[in-house]
Amino acid sequence: MLRVNSPTIRDRLLRVAQRLLGSKEEAEDVAQEVLLKLCQRNDIQSLQNVEAYAVTMAKNLCFDIKRKLGRTRMVELDKASHKLDNHTPETCLESSESYSLIRQTMEQLNDSYKLVIHLRDIEELEYSEISSIMQMTENQVRVTLSRARKKLRDSLLNEQNKEYETSRRAAR
């Protein structure tokens with residue numbers, strides 16, 4: 001039997017919603033609402049990929065919330081995978097500054113770029129799953145992901161160049 005309220009689906013919904021909304025509380029509301037709607041469906045067994053369908057519902061609900069509230073928020077990057085056990089205070093500070101810069105730069109991306117990077121690089125979904133969630137062809141997903149990564153890389157390099165020029169001027 002298919003379990004709609006499995007922890008993996010709920011966790012993925014929470015991560016996607018939090019990435020888009022920036023609030024853990026709102027993400028929990030979105031996840032709960034999506035799971036409730038899924039449980040109320042009579043034809044849940046006929047869906048090919050319940051998880052992709054649920055993430056699509058969450059994405060659309062998050063976009064609706066953002067449109068209604070007309071706001072954007074900062075979203076914390078998941079630092080759990082970044083281990084700083086054997087690092088010096090200097091490297092810890094550099095890592096912290098890097099996370100901050102990446103987080104700020106990610107927030108400057110549009111929602112579709114943020115979502116496709118999150119789904120592919122953080123959730124590690126296949127292109128076919130992302131195309132189903134984002135209602136794009138697989139080729140469009142690849143192009144969008146490529147453009148999102150390029151924009152992120154260019155913004156980070158641009159910021160790095162600004163810092164270099166500032167420190168060079170200060171040294172003079």
Side-chain angles (χ1 to χ4, degrees), residues 1-24 26-82 99 101-158:
M1 180 175 160
L2 180 68
R3 286 195 44 197
V4 171
N5 197 14
S6 75
T8 57
I9 292 176
R10 186 175 189 285
D11 290 345
R12 181 161 287 158
L13 293 175
L14 284 170
R15 287 190 303 267
V16 168
Q18 189 167 356
R19 170 77 55 213
L20 291 173
L21 296 175
S23 165
K24 186 175 181 177
E26 286 179 341
E28 288 173 356
D29 291 343
V30 167
Q32 183 174 351
E33 187 169 339
V34 168
L35 292 172
L36 180 64
K37 286 180 180 181
L38 282 175
C39 288
Q40 292 172 343
R41 284 188 64 124
N42 294 329
D43 62 341
I44 193 76
Q45 298 295 335
S46 66
L47 297 175
Q48 286 182 336
N49 188 339
V50 175
E51 196 165 339
Y53 184 77
V55 172
T56 301
M57 288 175 62
K59 172 197 75 160
N60 291 337
L61 189 55
C62 289
F63 287 164
D64 289 346
I65 290 170
K66 287 179 75 167
R67 217 179 350 264
K68 286 178 187 173
L69 299 177
R71 65 186 168 148
T72 56
R73 289 189 182 165
M74 295 296 287
V75 179
E76 290 293 325
L77 291 175
D78 181 15
K79 297 178 185 174
S81 64
H82 189 67
Y99 275 120
L101 179 60
I102 292 169
R103 183 180 59 246
Q104 291 170 353
T105 307
M106 279 285 288
E107 281 305 309
Q108 294 171 2
L109 297 177
N110 67 40
D111 287 338
S112 63
Y113 283 2
K114 277 190 273 193
L115 184 59
V116 77
I117 286 175
H118 178 82
L119 293 174
R120 181 65 183 163
D121 296 334
I122 296 171
E123 297 293 330
E124 298 178 346
L125 295 180
E126 298 296 322
Y127 289 108
S128 60
E129 293 175 294
I130 298 170
S131 70
S132 173
I133 291 167
M134 301 212 40
Q135 298 168 342
M136 300 174 158
T137 65
E138 285 186 41
N139 195 40
Q140 288 172 319
V141 170
R142 284 184 174 87
V143 169
T144 302
L145 182 60
S146 175
R147 288 178 180 166
R149 287 174 175 164
K150 182 181 183 330
K151 187 167 181 119
L152 184 61
R153 180 181 59 243
D154 291 347
S155 295
L156 288 169
L157 288 173
N158 199 12

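Residues take their numbers from the sequence shown, with the count starting at 1. Because only heavy atoms are used, hydrogens play no part in the values below, and waters and symmetry mates are left out as well, while side chains stay in.
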Step-by-step side chain to side chain contact (heavy atoms under 4.5 Å, CB included) determination, Asp111 to Lys114: CA-CA 5 Å; Asp111 287 338; Lys114 277 190 273 193; 3.5 Å; yes
Less than 4.5 Å apart, any side-chain heavy atom of [X] and any of [Y]?
X      : Y      : value
Asp154 : Asn158 : no
Met134 : Leu119 : yes
Glu126 : Arg120 : yes
Leu115 : Arg19  : no
Leu35  : Gln32  : no
His118 : Met106 : no
Glu123 : Val55  : no

side-chain hydrogen bond (donor to acceptor under 3.5 Å, both in side chains) partners of Asp121, counting only residues at least two apart: Arg149
Nearest 0.5 Å, please: how far is [atom2] in [Y] from [atom1] in [X]?
X      : Y      : atom1 : atom2 : value
Arg67  : Asp64  : CZ    : CG    : 5.0 Å
Tyr53  : Ile133 : OH    : CD1   : 13.0 Å
Leu38  : Met57  : CG    : CE    : 4.5 Å
Thr105 : Glu107 : OG1   : CD    : 10.0 Å
Leu14  : Leu21  : CG    : CG    : 11.0 Å
Ile117 : Arg147 : CD1   : CZ    : 13.5 Å

message: If we count only N and O atoms by modelled type, under 3.5 Å, do the side chains of Ser112 and Asn110 hold a donor and an acceptor together?
response: yes
Shortest non-hydrogen contact between [X] and [Y], atoms and distance:
X      : Y      : result
Gln140 : Thr137 : OE1-N, 2.8 Å
Ala54  : Leu13  : O-CD2, 3.3 Å
Ser132 : Thr56  : O-OG1, 3.7 Å
Val30  : Cys62  : CG1-SG, 4.1 Å

message: Glu138: which residues meet the side-chain contact (heavy atoms from CB on, under 4.5 Å) condition with it, sequence neighbours left out?
response: Tyr127, Ser128, Ser131, Arg142
- prompt: Looking at residues at least two apart in the chain, or sitting in another chain, which of them share a salt bridge (charged side-chain N to carboxylate O under 4.0 Å, His left out) with Asp11?
  reply: none
- prompt: Quick check: are there more than 12 heavy atoms from other residues, nucleotides or ligands sitting under 6.0 Å from CG of Asn42?
  reply: no
